[in-house]
Protein chains: 2
Amino acid sequence: MLTPTKKEINRESLLSQGVTMLMEQGYHGTGLQQVLAAVNIPKGSFYNYFGSKENFGAEVIQHYIDPFITQLTAHLQQSDKDALGGIQRYFDELIAELEKNRFKGGCLLGNLMGEIGDTSDVCQKSLQSAVNRYRDLLKSGLAKAQQQGTVRLDKSAEEMADLLLNTWQGALLRMKIEKSSAPVKQCCQDLLGDFFKP
Amino acid sequence: MLTPTKKEINRESLLSQGVTMLMEQGYHGTGLQQVLAAVNIPKGSFYNYFGSKENFGAEVIQHYIDPFITQLTAHLQQSDKDALGGIQRYFDELIAELEKNRFKGGCLLGNLMGEIGDTSDVCQKSLQSAVNRYRDLLKSGLAKAQQQGTVRLDKSAEEMADLLLNTWQGALLRMKIEKSSAPVKQCCQDLLGDFFKP
DNA sequence: GGCAATAATATGACCGGTCGTCTCGAATGT
DNA sequence: ACATTCGAGACGACCGGTCATATTATTGCC
């Protein structure tokens, strides 16, 4: 079928609502009834679409990261001659979005890594995959910047991608409790604007 | 009274058990009954000692960070002539402990910042205070290292303390899902062994 | 000091609600 | 006609929180 089936529509809206609510209230803090009520899907249907809350969580994780991959990819393509600038502008856009949300939520991946990253096998694997997809994209951007001479060569692109991702996650946590974008701005400044420079 | 009252003993063991369980299962993932059963304290007593789960959480946070403050303070005093070395040895000790726990738990502060850092005012304030106490201690260690010439001077000690703390938190999240100490080791290597060097 | 009166604290059964999950008849598609 | 999917509601367990009662301390009086 070309038009999505009702099942696919329902799955999609549950996942989308799941992203919002898991971000706001965490995994254990969010009840399925709450998600189902928000999108007006009967409770009984849930287990037809997803087998369990845990599986749902794992799918929500993937559904969450997709737009970020797309967005970063777009910035890298758009700034083809200046990969570092593309990365910087991507993070600037993220920061603007965080400020618009008044520093609520942060990053679903970070929140769930902390909450259930070591208690749910299914979600752990989904988190690994999501983080790796994102990290690899950052890595390729940084590698291109290395070729362009805007980023130091004596550290591997992968090592820097990991460092950027980790510091960003930590800075998002600080942002949440300080209700300020200073930590995330500082993160970009310290790494992209200093440590990664040749 | 010199000997602690029964109330104080009970409070203490609840807080101690709370640290363990909130670390393992998160805030919403841990029920009060579970905590109370583990230390054999009746449910009714809980609300005499702490007014609510939220207040309990806020106290658990402080109870959690105290030993880390003590431990880092000890390392800084012990390595008086080499503050940077003291900080490095402190983190080495933390890493050894994390490996002993098979990478479970991570840091309670990080986990709770992500889970409830923007939904519970009381816990948010407690998290702020705990993180700031820890950051200020790191900052004073780094400042001393600056005086000793082992750390660069063109960045403030506070900025570096924030960066170290944030990257450490992010690395702990990665550690949890990758079940490996590589991220935290890399964190220390990148910052203490490279970026902070003069 | 001995003892009743009073205050303070400890307790666990119990509250309404929500949790994640499952059952089974109804609806749907072929 | 039949296989598959759906969905209303029920399931027992557990949630955070309350409260009347039981126990223990403290006080005041003789």
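Order of the sequence lines fixes the chain letters, A, B, ..., with proteins taken first and strands second; residue numbering starts at 1 for each chain. All of these numbers come straight from a predicted model, not from anything done at the bench.
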Working for side chain to side chain donor-acceptor pair (under 3.5 Å), residues B/R152 and B/Q146: CA-CA 6 Å; B/R152 65 196 280 185; B/Q146 282 179 318; over 6 Å; no
Please lay out, stage by stage, how B/I87 and B/L76 fare under the test side chain to side chain contact (heavy atoms under 4.5 Å, CB included). CA-CA 7 Å; B/I87 294 173; B/L76 288 174; 3.9 Å; yes
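The distance from atom CG of B/L36 to atom P of D/dG16 is 10 Å, rounded to the nearest whole Å. Summarising the geometry, the separation between CD on B/Q34 and P on C/dC19 is reported as 18 Å, rounded to the nearest angstrom. Rounded to a whole Å, the OH atom of A/Y27 is 20 Å from the P atom of C/dT18. Atom CZ in A/F50 sits roughly 16 Å away from atom P in D/dT5 (whole-Å rounding). Atom CZ of A/F56 and atom P of C/dT21 are 12 Å apart (whole Å). Regarding A/K53, its NZ atom lies at a distance of 8 Å from the C1' atom of C/dG20, rounded to whole Å.
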Quick one: which protein N/O atoms are closer than 3.5 Å to N/O atoms of nucleotides 11-15 of chain C? Pair and distance per line, please.
from   : atom 1 : to    : atom 2 : distance (Å)
C/dT11 : OP2    : B/S45 : OG     : 2.6
C/dG12 : N7     : B/G44 : N      : 2.9

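Note on ring orientation: taking the six-membered ring where Trp is involved, the planes of B/F195 and A/F195 are tilted (angle from 30° to 60°).
Contact detail for A/A161 and A/L138: the closest heavy-atom pair is CB-CB, 4.0 Å.
Side-chain contact annotation: B/Q186 with A/E159, donor-acceptor N/O pair under 3.5 Å present.
At C/dC22, none of the side-chain N or O atoms of A/Y47 fall inside 4.0 Å of OP1 or OP2 (strictly under the cut-off).
Figure legend: B/R11 and B/F56 shown without cation-pi pairing, the cationic atom not lying both under 6.0 angstrom from the six-membered ring centre and within 45 degrees of its axis.
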